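Reckoned from all heavy atoms, side chains included, excluding hydrogens, waters and symmetry mates. All ligand and atom numbering here is 1-based and tracks the order in the structure. The shown structure was predicted, so the numbers you read here are calculated from the model rather than taken from an experiment.
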Amino acid sequence: PLKAIIFDLDGVITDTAEYHFLAWGALAKELNIPFSKEFNEQLKGISRMESLEKILVHGGKSTDYTEVQKRHLANMKNEHYKKLIDSLTPNDILPGMKKFILEVKNTGIKLAIASASKNAVSVITSLGLKDQFDVIVDAKTIKNGKPDPEVFLTAANLLKVEPKHCIGIEDAAAGVEAIKRAGMFAIGIGSLNTLEKADRVYETTKDVTLKEITKLYAN
Ligand code: B16
Ligand code: MG
């Protein structure tokens, strides 16, 4: 039986993925590195420092900066990002997600967050959803980022639920891979092209219903 649903945060519960895109885009522009929505897909779900490295490699500039300078660049992006998420409110919850979360909660299924973001607790608090979750696991508590399964396995462990009794929901390719490697059922939000490893892909959050995913999980 389905006992828990583990949610990614950025791109599933709220569209902070768009703010990450804007903040990285501004930094890339300053560094004279080409940046596009398509390239940004590769940054979804992966850590801040890994994202920076991918951007620098993409621009052929990885060896131009020392580790200290790279930390500084990552901090600049994060300060910009924090300004962008400063004004988040419950109105920024993605369509259908609040209703879905409350429905899951009412059914007695456990809920957790598994996010690669160090800003996860602040985001979920601004959205007014923190109390709905039994467990929040973020980049501050884990060693290996997505696509490593650690963040999802840690969430299941803290919930005291076996991975096979969990569904994971993700918008990033790295995240879907992490869910599958954790031995869970994977729901993807986005395009089939990028999320082909998911057990089921929905185009948007408003297409996700508890009734349907419970059925898919059971079969
Ligand atoms: P931060 P998620 C991830 O969050 C984002 O998808 C990814 O784009 C970002 O680089 C990462 O968090 C780190 O975020 O800089 O705030 O620590 O989708 O796993 O909830
Ligand atoms: Mg995400």
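- Taking only nitrogen or oxygen atoms, main chain and side chain alike, Ser117 reaches within less than 3.5 Å of ligand 1.
- The pair Glu170-Lys146 counts as a salt bridge, with a side-chain nitrogen and a carboxylate oxygen less than 4.0 angstrom apart.
- Salt bridge annotation for Lys215-Glu212: absent, with no cationic side-chain nitrogen under 4.0 angstrom from a carboxylate oxygen.
- The protein heavy-atom contact nearest to atom 17 (O) of ligand 1 is Lys118 N, 2.7 Å.
- Polar contact with ligand 1: present for Asp8 (N/O pair, distance under 3.5 Å).
- The closest approach of Asp171 to the Mg ion (ligand 2), by N/O/S atoms, is made by OD1.
- Residue Asp10 approaches the Mg ion (ligand 2) most closely through its N/O/S atom O.
- If you check each of Leu43, Leu52, Asp10, Ile46 against atom 11 (C) of ligand 1, the one with the closest non-hydrogen atom is Ile46.
- Nearest to atom 20 (O) of ligand 1 among the protein's heavy atoms is Ser115 OG, 2.7 Å.
- A perpendicular orientation is assigned to the rings of Phe7 and Phe133, their planes being inclined by more than 60° (bins at 30° and 60°).
- The distance from ligand 1 to the heavy atoms of Ser51 drops below 4.0 Å at these ligand atoms: 10 (O).
- Protein heavy atom closest to atom 13 (C) of ligand 1, with residue, atom name and distance, is Ala116 O, 3.3 Å.
- Residue Asn119 places at least one N or O, backbone or side chain, under 3.5 Å from an N or O of ligand 1.
- A 4.5 Å side-chain heavy-atom check between His58 and Gln42 finds every atom pair outside the cut-off.
- Interface atoms of ligand 1 facing Leu9, defined by a heavy-atom separation under 4.0 Å, are 20 (O).
- Side-chain contact of Ser47 with Glu50: a donor-acceptor pair under 3.5 Å is present, judged by distance alone.
- The existence of a salt bridge linking Asp148 and Lys143 is excluded, since no basic side-chain nitrogen approaches an acidic carboxylate oxygen closer than 4.0 Å.
- Here is the list of ligand 1 atoms found below 4.0 Å of a heavy atom in Gly45: 5 (C), 6 (O), 7 (C), 8 (O).
- For the pair Glu162 and Lys3, the salt-bridge criterion is not met [side-chain N within less than 4.0 Å of a carboxylate O].
- Within the structure, the closest approach of Glu50 to ligand 1 does not fall below 4.0 Å when heavy atoms are considered.
- Closest to atom 15 (O) of ligand 1, if we only count protein heavy atoms, is Arg48 NE, 2.7 Å.
- Shown here for Leu88 and Val123, the closest heavy-atom pair between the two residues is CD1-CG1, 3.9 Å.
- Ring planes of Tyr81 and His20: parallel class, angle under 30° (limits at 30 and 60°).
- Residue contacts with ligand 1: Trp24 is placed with no nitrogen or oxygen under 3.5 Å of a nitrogen or oxygen of the ligand (distance criterion only).
- Looking only at N/O/S atoms, Asp8 comes nearest to the Mg ion (ligand 2) through OD2.
- Under the 4.0 Å criterion applied to side-chain N and carboxylate O atoms, Glu177 and Arg181 are assigned as salt-bridge partners.
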